[in-house]
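The structure appears right after this line, and notes come after that.
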2 protein chains.
Amino acid sequence: MRISRSGSISGRGSAVGDVADDLAHEILTALTPGASLPSEAELASRYAVSRLTIREAVKLLAGRGLLDIARGRKAVVRVPDGTAFSDFLTSLLHNDSKSLFDLIEVRLSLEVQSATLAAKRANRAGIAAIESALRGMQDNADAAIKGDPAADRRFHDFDVGFHEAIALASGNRILGYLFEAMSTQLRHGIQISRRGHANRGHTLYDTIAWHERILEAIRAGNARAAGEAMRQHLKDTENDIRNALSNVADQAT
Amino acid sequence: MRISRSGSISGRGSAVGDVADDLAHEILTALTPGASLPSEAELASRYAVSRLTIREAVKLLAGRGLLDIARGRKAVVRVPDGTAFSDFLTSLLHNDSKSLFDLIEVRLSLEVQSATLAAKRANRAGIAAIESALRGMQDNADAAIKGDPAADRRFHDFDVGFHEAIALASGNRILGYLFEAMSTQLRHGIQISRRGHANRGHTLYDTIAWHERILEAIRAGNARAAGEAMRQHLKDTENDIRNALSNVADQAT
DNA sequence: ACTCCCAAACATATCAGATAACTTTGAACA
DNA sequence: TGTTCAAAGTTATCTGATATGTTTGGGAGT
């Protein structure tokens, strides 16, 4: 079986491919996320193929991220998210550290654009979401610095949430999905970066200060300033990650 | 079955998931693209499961774009490309025209970065590839303008090839994959854009002129100028697409 | 009436064995 | 040497059966 350029599963003479194509089309056009597919038995009789063929087609679509499968339950149409892209990245990155920095480069570009667009387009709700994430960081900073691991994790989650809120406020759905996928992949890198923070004497308050600056620019509708602040913030983060990685390398030798 | 955050297929209690995870790991670490997987029968005995279980796991990985399957042949490890991401985009875009412009926005950001990085990093071979694509456009422009459809298609292909060569010359593999995936999705939009060209009195030579400017900046190692030229070129393209779409809408009414 | 629990119905997960159809390979033949 | 073709290898699909998880509706107990 071949996956064709159009994204369809070439099913010339392949029952599984035909069924998968048809199901994919139906999922994308007629079904809403959260809806259930008919049972395997019903699909089998509808397409006049065996249950096995249906199962393989459904597996194929699950692999593409269109369906969630669980034992005892019908297959459920998946809410679109960045997972498929994240899987794609996983297939490319493996353990390559160059790929990590490639990814950071791409993220920088996309987040700068997110901030720029957010400054132009964010509505009240979008700005409120960004503010709320920032407040979460502020509320947990003290405890995190004192060594409370739960607060530390909350701080980190709000940090990611801040960036995600900006991606969403950009009004560009694709940016949102890409952010989600990349942030999954970067989670490891970010943890390294926070160790880097400690090494460089950064404090969580520095991070907060950067975020405040970004938020302020977005609130003021200053697209250029928002993008530039984001760029500098991420450049900082990138440097931290580089330092942390070289420290790890040093300790290894 | 669930797809977990790490991109692995959660196989808690699921034979298919376990096998798929293990195979995926082996594919990514031990096998090179083009290599064949063992036969289903051999895998079945290796994992001590039935052939069916192997088949479903393989289907899952094929859906994720890791394997190519064909009847009568062993499954082949796929050369990484943008297809998985392209499929992902397909599941998001369907027929939404807003999504098309979302995509154009993202592409602009990524291609500007590609041009910027290419100016910094492109080696002789990379620049030669860009030049070669540009030459292809120049060689086909006259015939294309005179109405030769084959030359017109070649011109278009070289146009895409020019942008792809820049993405590759950026030295960032992820940018290359993303470009490939997005260009598949944008093919339709680009065709509309070329109709827009005609409407706005643009000529293919204008396109060539833009490309020459971009190439010159890359050759000179002027990152800022390369990025800016690319940005303006794509802004132009975006406007053409907008005009073409509104023309289509006008004709429809 | 209301709540809790459990068994039956439903649905997926996996196995086993068999046939069909396609690809590759190597030996026989011209 | 080159071509043909049959056999072996491999995937594609079907049928039918068992195991295991989920949902649901009715009955027991309060």
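Sequence lines set the chain letters: A, B, ... in the order given, protein chains first and strands last, and positions in each chain run from 1.
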Over 60° means perpendicular and under 30° means parallel, so classify the ring planes of A:His163 and A:Phe179, tilted if in between.
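Taking A:His163 first and then A:Phe179, their aromatic rings lie parallel (interplane angle under 30°).
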Taking the side chain as every heavy atom from C-beta outward, state whether A:Asp102 and B:Leu175 have any atom pair closer than 4.5 Å.
no
Report yes if the side chains of A:Leu117 and A:Ile166 come closer than 4.5 Å at any heavy-atom pair, otherwise no.
no
Between [N] ([atom2]) and [X] ([atom1]): distance, integer Å:
X       : N      : atom1 : atom2 : value
B:Glu56 : D:dT13 : CD    : P     : 13 Å
A:Arg55 : C:dC15 : CZ    : C1'   : 11 Å
A:Arg73 : C:dT12 : CZ    : C1'   : 11 Å
A:Ile54 : C:dA13 : CD1   : C1'   : 16 Å
A:Tyr47 : D:dT13 : OH    : C1'   : 17 Å
A:Asp68 : C:dT12 : CG    : C1'   : 14 Å
A:Lys74 : D:dT24 : NZ    : C1'   : 13 Å

Any side-chain donor near an acceptor of the partner, [X] and [Y], under 3.5 Å:
X        : Y        : result
B:Arg173 : A:Ser99  : yes
B:Asp18  : B:Tyr47  : no
B:Ser109 : A:Ser109 : yes
A:Glu164 : A:Ser183 : no

Letter by letter from the 5' end, nucleotides 16-22 of chain C scores (B base, S sugar-phosphate only, - none; protein heavy atoms under 4.0 Å) --B--SB
Do any of residues 30-43 of chain B sit with a heavy atom less than 4.0 Å from DNA chain C, and if so which?
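By residue number: none to list.
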B:Leu43: which of B:Asp22, B:Val19, B:Leu37 passes side chain to side chain contact (heavy atoms under 4.5 Å, CB included)
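Of the listed options, the one satisfying the test is B:Leu37.
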